[in-house]
Amino acid sequence: MIAIEPTGDDEPNPPDTANEAPEDGRQDKRHRVLKGATILRGPEQSETECVIRNMTPNGAMIEVPEGTPVPPTFLLYVAKDGVAYETERRWRTGNRIGVAFHGTRDKPSWHYG
């Protein structure tokens, strides 16, 4: 049997990329979630129930009923967490919407849910 000595040219094991940012522009890895949320437009305007499908500290992908209008900016209130995210719509495909978070607030006093 002939022993083959390593030449040093072999590629090392690929790095663990589980905690690295994805290559599609997001700063953080998405985490799958299934949370109910509410799109809040203001005290005198209607609210829209939605579902958060995945989330990072900087944004999320939400689902709304097909054809539901969603403004460019809004509060996304997550009752389970007791947090309202200051949210900007970034993209939309059908009933799925990608949003960016620009801060948080406590539950708005004018929201009953």
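Residue numbers run from 1 in the order of the sequence given.
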State yes or no: do Phe74 and Ile52 share one hydrophobic cluster built from I, L, V, M, F, W and Y residues joined by side-chain heavy-atom distances below 4.5 Å, directly or via other members?
yes
Is there a side-chain contact between Ile97 and Val64, using heavy atoms and a 4.5 Å cut-off?
yes
Side chain to side chain contact (heavy atoms under 4.5 Å, CB included) assessment of Leu75 paired with Glu86
CA-CA 5 Å; Leu75 288 178; Glu86 296 172 351; 3.9 Å; yes
Single-linkage hydrophobic cluster Val83~Met61, side-chain heavy atoms < 4.5 angstrom
no
All heavy atoms of Ala84 vs all of Asp106, minimum pair found to be CB-O, 4.0 Å
Search all heavy atoms of Val99 against all heavy atoms of Arg89 and return the closest pair with its distance.
CG1-CA, 4.2 Å
dist Leu76:CG -> Thr104:OG1 (nearest 0.5 Å) comes out at 12.0 Å
When rounded to the nearest 0.5 Å, the distance separating OH of Tyr85 from CD1 of Ile39 is 14.5 Å
Where the side chain of Arg41 meets the backbone of Ser46, is there a donor-acceptor pair that is under 3.5 Å apart?
yes
For Phe101 and Ala60, which heavy atoms make the closest approach, and how far apart are they?
CZ-CB, 3.7 Å
Step-by-step side chain to side chain contact (heavy atoms under 4.5 Å, CB included) determination, Val51 to Lys35
CA-CA 6 Å; Val51 175; Lys35 292 183 179 182; over 6 Å; no
First locate atom CD1 of Ile62, then atom OG1 of Thr87, and finally report the distance between them rounded to the nearest 0.5 Å.
7.5 Å
Any chance you could measure Asn58, atom CG, to Thr56, atom OG1, to the nearest 0.5 Å?
5.0 Å
Tell me, yes or no, whether the heavy-atom count around Arg92 atom CZ, taken from other residues, nucleotides or ligands under 6.0 Å, exceeds 12.
yes
